[in-house]
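Here the structure comes first, spelled out in structure tokens, and everything after it is commentary.
Throughout, protein chains are lettered first and strands after them, A, B, ... in sequence-line order, and every chain is numbered starting at 1. All values below come from the heavy atoms of this structure, side chains included, with hydrogens, waters and symmetry mates left out. The shown structure was predicted, so the numbers you read here are calculated from the model rather than taken from an experiment.
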Amino acid sequence: MAGPAGLREPASVARLLTTNQLRRRTLFMAETQLIELLAEALQACRACGDLPECEVEIRLEQPPRPDMGDFSCNIAMQMAKPAGKAPREVAQAIIERLQEQGGLLQRCEIAGPGFINLFLSPTWLQDSVRDVLLLGDSYGHSNAGAGTKVQVEFVSANPVGPLHIGNARGGPFGDSLARLLMAVGYDVEREYLLNDGADNTQFRLFGASVLARAREILGLEWEIPENGYRGEYIIDYARELIERHGEDTFAQMPVDDAGAYRVAMLAEEVVVAEIRETLGLLGIEFENWFSERALFEEGAIERKIEQLRERGVAYQHDGALWLRTTDFGDEEDRVLVRSTGAKTYIMTDLAYVENKLARGFDHCIYVWGPDHAAQVPSVKAGMAAAGVDPGATEFIIHQIVRLTEGGEVVKMSKRAGKIVTLRQLIEDVGADVTRFFLLSRSVDAHLDFDLDLARRESDENPVYYVQYAHARICSILREAHERGMATDDLQEADFSLLEHPDELRLMRWMADYPSEVLAAAQQRAPHRLAHLSRDLAATFHQFYGNCRVIDEEAPELSRARLALISAARQVLRNILSLLGVSAPETM
RNA sequence: GCGCCCGUAGCUCAGUGGAUAGAGCAGCGGCCUUCUAAGCCGCUGGUCGCCCGUUCGAAUCGGGCCGGGCGCGCCA
């Protein structure tokens with residue numbers, strides 16, 4: 001794929017690079033090497049008795065400001081007490097024995113209460129820009145996951161209506177988490193669980209509601225059941241189904257549980273198509289859509305019940321079958337099979353997790369809404385009771401989303417069917433804004449989705465700020481191309497010309513990117529990507545304000561800067577791609 | 001009552017045990033004959049809910065309060 005300015009995509013070159021080559025110049029590797037250097041210096045101090053043998057952990061961190069260096073180390077403060085010396089004195093002893101190594105470290109200094117601040121050499125940073133260009137789309141990726149098979153199950157909203165803002169958050173979150181995990185070397189599959197079993201109360205209530213509406217349309221006696229679905233959209237489903245399957249199908253459908261379930265299954269096709277389409281608008285696609293029904297049909301549920309009985313963890317009481325979860329840390333025992341014979345969610349969860357593990361997943365991540373938070377302990381206890389290692393599963397609970405407009409919370413009522421659908425939201429503010437906003441907060445935090453801000457197509461909207469940086473770079477590359485400057489083979493530019501503080505900052509930022517991706521993946525924190533993207537955009541915009549890229553008087557510097565912004569564009573693209581937000585070439 | 005999440009600038013929120021706690025939005029003031037002003041620069045704005053502890057060092061870890069949200073079915 002050719003870039004807008006005829007840039008050659010160096011993907012083929014990237015494939016030739018080995019993992020070691022990739023690692024050599026990431027900041028993470030620099031960090032590892034610096035830690036070794038410090039350890040050697042510390043050893044030297046101990047050898048001549050300047051410092052005592054004591055517990056210290058050599059860790060590097062990022063100083064708050066760039067003029068404080070690229071890394072800082074706190075060992076002097078850790079050792080001050082056992083050494084009986086002032087921290088700065090300890091620091092002095094260490095840096096005196098720090099052996100300068102080829103090209104990595106430029107200088108170091110003591111700062112503040114006793115920090116050792118380390119400055120990377122510009123040469124090292126300049127080389128890292130070349131890696132970005134050579135590795136392209138895979139820059140920032142790593143192999144931390146080592147091919148471990150991970151399943152991310154998310155959304156899994158009951159197939160009883162359109163997705164709404166309440167269950168919208170799991171979509172972008174789960175999808176970006178999956179993308180992140182893939183980027184750091186996991187073998188990931190996304191899955192949507194359809195709660196469409198015959199025993200599923202909600203699913204059957206939904207069927208009964210649709211049937212009632214169909215009968216209404218046909219002029220027959222009708223009644224929406226207690227706790228049924230009263231939203232307008234139920235009428236739409238009824239109409240659609242009558243068109244598809246004919247009036248007779250519904251006129252003759254028995255008004256009972258069996259009829260309700262049959263209608264629910266017919267409606268499911270429509271609902272799932274709608275859900276799939278809506279998520280598709282956000283760039284979310286699932287490798288698997290798993291029907292809970294399959295667990296019943298294929299006998300997994302019955303086998304599980306049998307197994308639990310044999311293990312002696314299930315018992316009959318009050319006409320129901322209970323699981324002895326209290327033996328595994330739960331507050332009370334849980335019902336597996338109701339006295340009506342219907343299976344509960346925990347029953348299907350247990351059969352389902354076994355199915356997942358049987359499919360070869362080493363790790364199963366569940367992304368659940370806050371309404372399911374309370375069931376996590378019982379499900380985990382249930383797994384333990386069933387002999388499934390709960391360590392193979394991970395539950396991530398996201399908090400609620402509220403829409404705000406004009407400073408007020410938009411009120412919604414699910415019972416009355418007064419909801420804002422995800423589709424409406426996307427049509428209102430756009431897919432990119434929807435994804436970015438939903439991803440911009442920590443999953444633990446409640447999220448207020450500011451509709452007024454989201455609608456604004458201006459500088460106030462953070463999505464456009466990031467996309468604008470990308471478009472701006474594309475524009476410069478286009479301009480350079482039009483002026484006849486070479487915009488290919490930029491990895492061969494003379495990077496040593498890039499010495500301006502804003503250039504160094506940008507380079508450093510990009511060199512740090514791979515470890516940020518890894519951290520975001522490990523912390524299951526896609527929202528960090530949103531912040532990173534803004535931060536990179538800001539770093540670029542600042543550079544843009546202070547450094548002119550196209551300068552026909554200085555062709556070599558121009559070329560180096562074109563290489564630099566081309567790299568910045570690549571990293572912006574890579575972050576946006578993890579976020580699932582588009583990177584427009586013009587705005 | 002019990003459990004989970006949150007409490008950081010006027011508002012919405014970041015913040016891997018470190019230095020002068022940061023962004024966005026809102027407010028005030030500058031910067032376009034030069035590569036996209038959807039931008040940049042500067043200013044204003046804080047008892048990090050409160051108390052005690054751990055630590056050389058706490059917004060961050062532990063305990064206890066206070067406040068808000070959500071959940072606590074033989075619904076999912």
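Contact between the side-chain N/O atoms of A:H446 and the OP1/OP2 oxygens of B:C13 is not found at any separation under 4.0 Å. OP1 or OP2 of B:C25 has not a single side-chain nitrogen or oxygen of A:Y465 nearer than 4.0 Å. Regarding contacts with the backbone of B:C74, every side-chain N or O of A:R334 stays at 4.0 angstrom or more from both OP1 and OP2. In this structure, A:R338 reaches the B:A76 phosphate: one of its side-chain N or O atoms is under 4.0 Å from OP1 or OP2.
Searching all strands for a Watson-Crick or G-U wobble partner of B:G29 with both distances below 3.5 Å returns B:C41. Across the strands present, B:C11 finds its partner in B:G24; the criterion is a Watson-Crick or G-U wobble pair with both atom distances under 3.5 angstrom. For B:A59, there is no paired nucleotide, since no Watson-Crick or G-U wobble pair has both relevant distances below 3.5 Å. B:C72 is paired with B:G1 under the criterion used here, namely a Watson-Crick or G-U wobble arrangement in which both key atom distances are under 3.5 Å. Partner assigned to B:C50 is B:G64, using Watson-Crick or G-U wobble distances below 3.5 angstrom.
As a whole-Å value, the separation of A:R169 CZ from B:C70 C1' is 13 Å. For the pair A:R528 CZ and B:G15 P, the computed distance is 7 Å after rounding to whole Å. Residue A:D196 contributes atom CG, which lies 13 Å from atom C1' of B:A76 at whole-angstrom precision. Computed from coordinates, the A:L506 CG to B:C40 P distance equals 14 Å when rounded to whole Å. Rounded to whole angstrom, the span from the OH atom of A:Y544 across to the P atom of B:C31 amounts to 18 Å. Rounded to whole Å, atom P of B:G3 lies 20 Å from atom CH2 of A:W368. If you take NE2 of A:H317 and P of B:C74, they are 11 Å apart, rounded to a whole angstrom. In this structure, A:F449 places its CZ atom 16 Å from P of B:U12, rounding to the nearest Å.
Using cut-offs of 30° and 60° for the angle between ring planes, the A:F540 and A:Y544 rings count as tilted. Ring geometry, A:F449 versus A:F437: the interplanar angle falls from 30° to 60°, so the pair is classed tilted.
When heavy atoms are screened at a 4.0 angstrom cut-off, A:H527 is found touching the sugar-phosphate backbone but no base atom. As judged by a 4.0 angstrom heavy-atom cut-off over every strand, A:N74 is placed among the base-contacting residues. Note on A:Q202: a base of the nucleic acid sits closer than 4.0 angstrom, heavy atoms only. Using a 4.0 Å heavy-atom cutoff across all strands shown, A:T344 reaches sugar-phosphate atoms only and no base atom. In this structure, A:A471 reaches the bases: a heavy-atom distance under 4.0 Å links it to at least one base atom across the strands shown. The residue A:P63 sits close to a base: some heavy atom pair falls under 4.0 Å. Nucleic acid contact for A:K85: none, since no nucleic acid atom lies under 4.0 Å from a heavy atom of the residue. At a threshold of 4.0 angstrom between heavy atoms, the contacts of A:S475 include nucleobase atoms, whether or not backbone atoms are also involved. As judged by a 4.0 angstrom heavy-atom cut-off over every strand, A:E331 is placed among residues touching the sugar-phosphate backbone only. Nucleic acid contact for A:C73: none, since no nucleic acid atom lies under 4.0 Å from a heavy atom of the residue. Here A:Q78 lies in heavy-atom contact (under 4.0 Å) with a base. Looking at heavy-atom distances under 4.0 Å, A:N117 makes contact with a base. Contact annotation for A:N200: backbone-only contact, meaning every heavy-atom pair under 4.0 Å involves sugar-phosphate atoms and none involves a base.
For A:D444, taking side-chain heavy atoms from C-beta onward, the closest of the listed nucleotides B:A76, B:C6, B:A19 is B:C6. Here the nucleotide nearest the side chain of A:D448, chosen from B:A76, B:G24, B:U12, is B:U12. Nearest nucleotide to the side chain of A:H541, out of B:C25, B:G71, B:G39: B:G39. The side chain of A:R483 has B:C35 as its nearest neighbour among B:C35, B:G71, B:C74. Comparing B:C13, B:C40, B:A19 against the side chain of A:A445 picks out B:C13 as the nearest. For A:P370, counting side-chain heavy atoms from C-beta on, the closest listed nucleotide (B:C56, B:C70, B:A19) is B:C70. Among B:G71, B:C13, B:C74, the nucleotide with an atom closest to any side-chain atom of A:D318 is B:C74.
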Decide yes or no on salt bridge (charged side-chain N to carboxylate O under 4.0 Å, His left out) for A:E482 and A:R478, but give the supporting numbers first. CA-CA 6 Å; A:E482 275 164 29; A:R478 269 194 307 270; 5.6 Å; no
Can A:E292 and A:N195 be said to form a side chain to side chain donor-acceptor pair (under 3.5 Å), step by step? CA-CA 6 Å; A:E292 178 189 67; A:N195 291 103; 3.2 Å; yes
For the pair A:E332 and A:R324, evaluate salt bridge (charged side-chain N to carboxylate O under 4.0 Å, His left out) and give the outcome as yes or no after the intermediate values. CA-CA 8 Å; A:E332 47 189 290; A:R324 215 180 290 281; over 6 Å; no
Could you walk me through whether A:R334 and A:D330 pass the salt bridge (charged side-chain N to carboxylate O under 4.0 Å, His left out) test, one step at a time? CA-CA 9 Å; A:R334 306 289 165 177; A:D330 203 0; 2.8 Å; yes
Criterion side chain to side chain contact (heavy atoms under 4.5 Å, CB included) on A:V335 and A:M347, from CA distance to verdict: CA-CA 8 Å; A:V335 169; A:M347 185 66 250; over 6 Å; no
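Looking at A:R309 and A:Q316, their side chains do bring a donor and an acceptor atom within 3.5 Å of each other. A donor-acceptor pair shorter than 3.5 Å can be found between the side chains of A:D333 and A:T326.
Aromatic ring centres of A:F119 and A:F71: separated by at least 6.0 Å.
Using P as the reference atom, B:U16 and B:C52 are 25 Å apart when rounded to the nearest Å. Rounded to a whole angstrom, the distance from the C1' atom of B:U20 to that of B:G10 is 23 Å. Only the C1' atoms considered, B:C41 is 14 Å distant from B:C32, to the nearest whole Å. Taking atom C1' in both B:U60 and B:C40, the straight-line distance is 33 Å, to the nearest Å. Rounded to whole Å, the P atom of B:C61 lies 11 Å from the corresponding atom of B:C5. Spacing between B:G46 and B:G22 at atom C1', rounded to whole Å, works out to 11 Å. B:G39 and B:G24 are spaced 10 Å apart, taking the P atom of each and rounding to whole Å. Between B:C74 and B:U12, the distance separating the two P atoms is 38 Å to the nearest Å.
In textbook terms, a nucleotide whose glycosidic angle is within 90° of 0 is syn, while B:C40, being further out, is anti.
Nearest-nucleotide positions on RNA chain B for A:I476 and A:S442 put A:S442 closer to the 5' end. Positionally, the nearest nucleotide of RNA chain B for A:Q399 lies more toward the 5' end than for the other of A:D333 and A:Q399.
Looking at A:D371, its side chain has no donor and acceptor atom pair within 3.5 Å of the base of B:G71.
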